[in-house]
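Written out below as C-alpha cells is the structure these notes cover.
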Amino acid sequence: MVRSAIIIILVNCCASLFSQEFRFSRNFETRKKNIPVQIINNHPSYFHVLRINYVVHDITIERRIKPSAEIVAFTPLKLDSVNASWFDYENLDYILFEANNKLYFLFEKVLNTKRTVYLKIIDTTGKSSGFIELANLESDKNTEAFHFNFSQTVNNNILMVASKTALNGIIRRVALLFSTQKREIIWTKQLPLENDIEISSWSFTCNEKNDLLYLQSRSSIIGTETFGGITHTRTRLDSLVFCDWKASSAKTVYRPLNLSKGDYIRQGTIIPDSNAVVISFLTTREDTIKNDWPEIIVNIKLDGASGKQIYNTSTNYDEEIRRQLTFYDGPQKESYFKNHQSIGNHVEHQFAYSLFARSEKDYYKELLFRKTNLRNGEVVSQKIIPRKIFFFAGRTRYKNFAEPMVHFYGDSLKITLIEHASNRGSEAGNYKYKTFKKLSGPRKASVVIYSLCADGVFKKKEIYRNSNYELIPLNYYSTEQKDMVFYLNNSKFEKFAILQMYQ
C-alpha cells in the first residue's frame, strides 16, 4: 500500500511539473472514426482543426476558441458529392491555408482518365462556398502519366502546374495562377515541350509580382548501362537554368546559373526576395585531393529586373554535421548518400529558415535545419534535429504523428517532436544515430521542443510525457502566435492544450 501510494504521488508530481505550462481544455468525447490531421493557429482568440470523418465519409473543419477549445463553427466540406464513396481521404492530395480571414481548401479529384482541381472557401462563420473548379486534365491512349502540382504563393494565390507525359517521353506542362481575392485565373502559361532525360523543369513558384519562377535542368545523353538486365540511359548535366516568366510577358527569360564543373545537383529551392530571387540548392562536388564527394550548399542571388548575379556562395556542411551523418545506414555510410528532402521554408526579415527530412517507408529519421542570410548568401546556422520513429501506418489512427510541428516565434524556430523517453537526457546538438533510441508509437513518448534561436543557441526542452493522455503531433501551421495548440487523446476522451511561447 505504501509503495503504491508513493508511486501515485510521483506520477502526480510529474504530471503537475508539465501541466503548469499548459492550459488544458475540458474533456471531449472521442469518436474513433473522426480523426484530426491538421491544426491552423493564426489568431490569438481561436484556431482551426481539420479532421477526416469516416462516419459520414467526409473531411470537416472546426473553429475552436481559446483557451476552452469549444467549437464555435463547424464546416462539413461535403466532398462525397464529388468523390466516390469508396475513396480513402487519407490519400487525398490537398492543401489548407488561411488568408484574409478565410480558409482555402484545395484538393484534387482523381479518376482513371481525368484529374480535376477544386477549391472551397470557408468564412469566419463556417459557411462554405460551393465547389469551384480551377483546372482539369484528361489522358488518352497516348498518355503515359498525368498529374497536378499545386501550392500557395507569397500573395496567397494558388499556383497549379499540370503535366502530361506522352508514351514517347514528351512532357507538356501548363501553369495557371488563381487569385483567391478575385476568384479568377490571373494567367495561363503553356511551357515549351520537355522530356525528363534532356530537359526537365521543377521547383515552380511565384513572387510578389505574380511572375512564374522555376528551375530547368538541361542534360546530354552520354551512353547507356545495364543493371539486372535493365538498360538505363546515362546523362550529363550541361546546365541549370533559372526561368523567369513575367506575369504580363508572352515568353520566358532563361538565365543560366554559374555552377562548378562536376557539380551533381541534389535538389533546389527558389526563394523570392524583394526585387530579387535567391536560388538555393545542394550539390555534391568531387574533391580530387581528398578523393571525396563533400556536400556543398550553393546560394545564388539574381537581380529581379536585370538578372544580374548579386552573389554566388558555396558552403560546406559543418564538420560536426558531416561527422554525425557519417554512419552505416544502407549501402553506403558517407553522409552525402543520405538524401534529405526539403519540407518547408520560412522567410522572416532577411533570413530564410529551411527544414529538410530523411525518411523511408514507415521509418522517419533525422531532420536538418539551415538558416541563410538572404542579403549575402551566408549560411549562418546548420543543425541536426534528432528523430528516429518507426511505425506501420496501417496499425495506428494517427498516420502523421512522426511529422514535426513547426512554429516560428520571436526570431526563433520551434520544432516539436515526440521521441523515446530514454532519449530525454540527450543534448540538442549531440546526435548519435546508433545510440539514439527508436520510437514505435506515441505510448509513453517524450514530447520535446527544439529551439533554434536568433543568437545561434540550439536547445532542447521536454514539455510533456505521454501517460494517461497521449499528445499527438499533427500537421501544424502557425506564425508569430504567442502560443502553440496541441491535441491529446486517451481513446475515450480528447482535449486540447495551449502552451505559451517564451523567447
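In this chain, residues are counted from 1 in sequence order.
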Would His43 and Gln481 count as having a side-chain donor-acceptor pair, cut-off 3.5 Å? no
Taking the six-membered ring for Trp, are the ring centroids of Phe493 and Phe28 within less than 6.0 Å of each other? no
State whether Tyr46 and Arg64 meet the cation-pi test: NZ (Lys) or CZ (Arg) under 6.0 Å from the six-membered ring centroid, and within 45° of the perpendicular axis. no
Give the minimum heavy-atom separation between Gln382 and Asn316, together with the two atoms involved. NE2-O, 3.3 Å
Paired with Glu366, the side-chain hydrogen bond (donor to acceptor under 3.5 Å, both in side chains) test is passed by just one of Arg358, Arg387, Lys388, namely Arg358
Report the C-alpha distance between Glu21 and Lys461 in whole Å, list the side-chain angles of each, state the deciding distance to 0.1 Å, and finish with yes or no for side-chain contact (heavy atoms from CB on, under 4.5 Å). CA-CA 12 Å; Glu21 301 188 27; Lys461 182 180 181 181; 3.2 Å; yes
With heavy-atom distances below 4.5 Å as the criterion, would you say the side chains of Ser446 and Asn423 are in contact? no
Minimal heavy-atom distance between Phe146 and Lys114, with the atoms involved, is CZ-N, 3.8 Å
Carboxylate-amine/guanidinium proximity below 4.0 Å for Glu470 and Lys444: no
N/O donor-acceptor pair under 3.5 Å between Asn34 side chain and Arg51 backbone: no
Verify whether the ring centers belonging to Phe391 and Tyr364 lie closer than 6.0 Å. yes
4.5 Å side-chain heavy-atom contact, Met160 and Leu134: yes
Is any side-chain N of the basic residue among Lys66 and Asp483 closer than 4.0 Å to the acidic one's carboxylate O? yes
Do Thr269 and Ile279 have side chains that approach each other closer than 4.5 Å (heavy atoms only, starting at C-beta)? no
Does Tyr89 have its ring centroid less than 6.0 Å away from the ring centroid of His57? yes
Output the distance between atom CD1 (Ile158) and atom CG (Leu119), rounded to the nearest 0.5 Å. 4.5 Å
Between Lys383 and Asp318 (salt bridge meaning N to carboxylate O under 4.0 Å), is one present in this structure? no
May I ask you to establish whether Lys482 and Tyr409 are in a cation-pi arrangement, using a distance under 6.0 Å from NZ or CZ to the six-membered ring centre and at most 45° from the ring axis? no
Phe24 and Tyr469: aromatic ring centres closer than 6.0 Å? no
Report the relative orientation of the aromatic rings in Tyr487 and Tyr398; use parallel for angles under 30°, tilted for 30 to 60°, perpendicular for over 60°. tilted
Can we call the ring centroids of Tyr94 and Phe107 under 6.0 Å apart? no
Give me the atom names and distance for the closest heavy-atom approach of Thr125 to Ala73. O-CB, 3.7 Å
Only one of Arg465, Lys460, Lys438 forms a salt bridge (Lys or Arg N to Asp or Glu O under 4.0 Å) with Glu419, so which one is it? Lys460
Could Arg322 and Glu319 be called an ion pair, given the rule that one side-chain N must be under 4.0 Å from one carboxylate O? no
Given the rule in the side-chain contact (heavy atoms from CB on, under 4.5 Å) test, do Gln152 and Leu159 qualify, once you have shown the distances and angles that lead to the verdict? CA-CA 6 Å; Gln152 175 189 3; Leu159 173 64; over 6 Å; no
Test side-chain contact (heavy atoms from CB on, under 4.5 Å) on Thr75 and Arg63; report intermediate values, then the result. CA-CA 9 Å; Thr75 308; Arg63 181 182 175 187; over 6 Å; no
Which atom of Val485 lies closest to which atom of Ile39, heavy atoms considered: O-CD1, 3.8 Å
So that I can tick it off, tell me whether Lys495 and Glu70 are bridged by a salt bridge, with the cut-off set at under 4.0 angstrom between side-chain N and carboxylate O. no
Nearest non-hydrogen partners of Leu103 and His48, listed with the distance: CD1-CD2, 3.4 Å
Check whether Asn490 reaches the backbone of Lys492 with its side chain - one donor and one acceptor, N or O, closer than 3.5 Å. yes
Are Tyr431 and Phe436, when compared by the centres of their aromatic rings, separated by less than 6.0 Å? yes
With sequence neighbours excluded, residues passing side-chain hydrogen bond (donor to acceptor under 3.5 Å, both in side chains) with Lys338: none
Sidechain-backbone polar pair: Thr396 side chain, Ala393 backbone, donor-acceptor under 3.5 Å: no
Less than 6.0 Å separating the ring centroids of Phe150 and Phe148? no
Under a 3.5 Å cutoff, is there a donor and acceptor pairing between the side chains of Glu295 and Thr284? no
One pair to check against side-chain contact (heavy atoms from CB on, under 4.5 Å): Ile472 and Ile418. What are the steps and the verdict? CA-CA 8 Å; Ile472 310 293; Ile418 60 172; over 6 Å; no
If the test is side chain to side chain contact (heavy atoms under 4.5 Å, CB included), which one of Leu50, Ile40, Val49 qualifies with Ile61? Leu50
Please confirm whether the backbone N or O of Leu499 pairs with a side-chain atom of Arg23, one donor and one acceptor, at under 3.5 Å? no
Are Phe496 and Phe47 an aromatic pair, judged by ring center distance below 6.0 Å? yes
Under 3.5 Å, is there a donor on one side chain and an acceptor on the other for Thr153 and Asn155? no
Ser280 side chain to Asn299 backbone, donor-acceptor under 3.5 Å: no
